[in-house]
Amino acid sequence: MLDLRHIRDHPEQVRRAIRAKQLPEALAALDALLLADEGRRLARADLEAKQAVRNAASKEIGARKRRGEGAEELMAQMTEVSSEVKRLEDRDASLAEQIDALLLEIPNLPHESVPYGESEHDNVVVAEHGERATADGALPHWDLPLARRLFDLEAGVTLTGAGFPVARGAGARLVRGLAAYFLDRLARAGYEEIIPPLVVNAASATATGQLPDKEGQMYGVTGGFYLIPTSEVPVTNLHRGAILDEDALPLRYCAFTPCFRREAGSHGKEVRGLNRVHQFDKVEMVQFTRPEESYGALESMTETAEALLVELGLPFRRLLMCTGDMGFTQAKKYDLEVWSPGQERWLEVSSISNMEAFQTNRLGTRARSGGAAGRGRTGPVHTLNGSALAFPRTIAALLETGQRPDGTVELPQVLHEFVGSNVLA
RNA sequence: GGAGGGUUGGCUGAGUGGUUGAAAGCGGCGGUCUUGAAAACCGUUAGCGGGCUCCGCCCGCUCGGGGGUUCGAAUCCCUCACCCUCCGCCA
């Protein structure tokens with residue numbers, strides 16, 4: 001969420017941002033929020049004055065009692081003041097609750113470098129890398145017998161339902177190899193590896209922005225928990241409610257986990273095969289940075305993910321997302337899309353975003369030199385996250401790119417040691 | 001699953017209804033002393049919100065979370081979470 005004081009001081013900027021993000025329904029929330037905030041501050045002046053009276057009188061009563069004097073009259077007067085305080089406190093609490101709820105409805109502000117746009121058609125291709133193989137009869141992965149065997153969607157239907165592929169044999173080995181390869185590369189780039197819980201509570205899901213509005217995209221489990229839609233959720237929540245040591249920033253984390261997404265109502269060609277599934281593996285990067293360093297970190301995270309695609313020999317392009325296609329929590333976001341020769345289209349394999357302080361405001365995460373025991377005021381912290389990379393579409397591209405007439409698939413050199421062979425067969 | 005104990009400021013740890021937002025020690029910061037450092041000594045040292053005559057002052061909230069009793073709660077009651085010990089169970 002945005003800082004309430006910032007909203008209060010720059011309501012027009014927030015209004016423009018909401019429009020740019022194509023989220024007009026948030027305009028009403030903003031108006032209601034400004035009203036409630038004003039009302040609460042007025043009410044608080046009342047409340048605090050009454051509290052001050054009560055506190056002073058309580059001290060006086062204490063002093064008199066210690067001197068052995070009576071204080072019945074004062075105590076009688078305070079009965080009334082106290083019930084008035086209670087009444088005002090209740091009103092304040094309900095206003096606060098209202099404000100908190102409205103605050104969650106206000107999206108993040110787009111960074112000034114983000115182009116205005118209404119939909120995905122307005123995203124900007126900022127770079128393209130690698131030679132796209134010309135369509136020489138390359139098959140989409142769902143038509144490759146080998147791919148169907150290594151990533152068995154039929155078996156998944158039996159076990160669970162559509163969209164839960166079963167990786168087997170060399171396919172399972174490929175997943176394990178990719179994970180090891182990605183994690184090794186990120187370790188070298190300074191990312192600490194995390195194995196987080198795959199189930200989180202509502203507070204965690206709220207802090208990173210999945211709740212309250214995107215509950216339908218997650219799988220809930222008994223106990224009020226949710227299966228993680230991305231390891232961004234548990235990893236970012238690692239520092240919920242904490243004061244970080246500013247001198248230790250940036251903190252860089254990576255995690256290899258399955259991700260669970262309902263993706264309700266998606267059907268058709270775009271979601272065939274491995275293009276969109278309900279459970280998939282992903283290696284994620286998360287950073288906590290100083291505010292002035294977060295945009296540098298966004299570039300370097302993006303370059304880290306791109307380097308993986310270069311090494312895998314997969315042609316890709318980088319898109320700068322426009323205001324309208326960016327999402328609720330992001331200030332700036334790049335997507336990396338890999339070329340799928342069998343489908344002759346681009347597939348999104350990574351999304352790298354700067355959330356600025358939007359998540360840390362919800363998390364209650366601050367930073368200060370010396371950490372919690374340090375001196376001086378606490379300052380804001382920015383968070384970023386990005387995939388490096390999402391597995392199913394990366395695998396789809398690898399299978400389609402490496403396919404050979406004999407039905408086997410050639411692997412890029414960089415994977416040979418991790419997978420233990422040069423070809424999938 | 002059963003029984004008991006606990007959760008206080010960056011840390012250790014006092015504190016069972018009244019100037020306690022919280023003793024003391026450690027750590028941190030500033031200073032005195034010193035060629036420098038250490039030691040010693042003096043001072044200082046929470047977060048959040050609001051207000052103002054805004055380089056500082058004032059008010060309020062916060063002693064695991066929430067609720068209650070009371071003129072007044074870190075202190076009493078209820079509830080939830082977490083931690084520890086013992087027993088059981090599982091591996």
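Because the structure is predicted, anything quoted here is derived from the model rather than measured. Proteins come first, then strands; the chains are lettered A, B, ... in the order of their sequence lines, and each starts at number 1.
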Which of these nucleotides, [options], is closest to any side-chain atom of [X]?
X        : options                : value
A/Arg5   : B/rC61, B/rC71, B/rG50 : B/rG50
A/Thr378 : B/rC71, B/rC59, B/rG47 : B/rG47
A/Asn55  : B/rU70, B/rC48, B/rG60 : B/rG60
A/Glu48  : B/rC48, B/rC59, B/rG18 : B/rC59
A/Arg368 : B/rC71, B/rC59, B/rA46 : B/rA46
A/Lys65  : B/rG18, B/rG72, B/rG47 : B/rG18

Is the closest side-chain donor-acceptor distance between [X] and [Y] under 3.5 Å?
X        : Y        : result
A/Gln359 : A/Glu232 : yes
A/Lys282 : A/Thr257 : no
A/Gln403 : A/Glu410 : no
A/Arg240 : A/Ser204 : yes
A/Glu284 : A/Tyr253 : no

[M] and [N], which share atom name [atom1], separated by this distance in whole Å:
N      : M      : atom1 : value
B/rA14 : B/rA22 : C1'   : 10 Å
B/rC55 : B/rG36 : P     : 36 Å
B/rG17 : B/rA73 : P     : 14 Å
B/rU7  : B/rU12 : C1'   : 15 Å
B/rC42 : B/rA24 : P     : 13 Å
B/rC71 : B/rA81 : P     : 32 Å
B/rU44 : B/rA23 : P     : 12 Å
B/rA40 : B/rG9  : P     : 27 Å

Quick one: label [X] by what it contacts on the DNA or RNA (base, sugar-phosphate, nothing), any heavy atom closer than 4.0 Å.
X       : value
A/Ala63 : nothing
A/Arg8  : sugar-phosphate
A/Leu74 : nothing

Could you tell me which nucleotide pairs with [N] by Watson-Crick or G-U wobble geometry, both distances under 3.5 Å, or answer none if nothing does?
N      : value
B/rG10 : B/rC26
B/rG56 : B/rC52
B/rC41 : B/rG31
B/rG4  : B/rC84
B/rA46 : B/rU62

Would A/Arg318 and A/Val125 count as a side-chain contact (heavy atoms from CB on, under 4.5 Å) here? Give the steps. CA-CA 6 Å; A/Arg318 186 206 293 204; A/Val125 178; over 6 Å; no
Full working for side-chain hydrogen bond (donor to acceptor under 3.5 Å, both in side chains) between A/Glu306 and A/Thr304: CA-CA 5 Å; A/Glu306 287 175 336; A/Thr304 298; over 6 Å; no
Reading RNA chain B from 5' onward, which residue's closest nucleotide shows up sooner: A/Lys59 or A/Ser82? A/Lys59
Between A/Asp90 and A/Met75, the residue closer to the 5' end of RNA chain B by nearest nucleotide is A/Asp90
[N] [atom2] sits how many Å from [X] [atom1], rounded?
X        : N      : atom1 : atom2 : answer
A/Asn201 : B/rC80 : CG    : P     : 18 Å
A/Ile243 : B/rU45 : CD1   : C1'   : 14 Å
A/Asp245 : B/rG27 : CG    : P     : 19 Å
A/Arg54  : B/rC59 : CZ    : P     : 15 Å
A/Leu103 : B/rG49 : CG    : P     : 12 Å
A/Met78  : B/rA73 : CE    : P     : 14 Å
A/Lys50  : B/rC59 : NZ    : P     : 18 Å
A/Glu89  : B/rG67 : CD    : P     : 10 Å

If only side-chain N and O atoms of A/Lys86 are considered, is one of them under 4.0 Å from the OP1 or OP2 phosphate oxygen of B/rG67?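 False: A/Lys86 side-chain N/O out of range (4.0 Å or more) of B/rG67 OP1/OP2.
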With respect to the phosphate group of B/rG51, does any side-chain polar atom (N or O) of A/Arg41 fall under 4.0 Å of OP1 or OP2? yes
Check whether any side-chain heavy atom of A/Phe151 lies under 4.5 Å from a side-chain heavy atom of A/Val175, and answer yes or no. yes
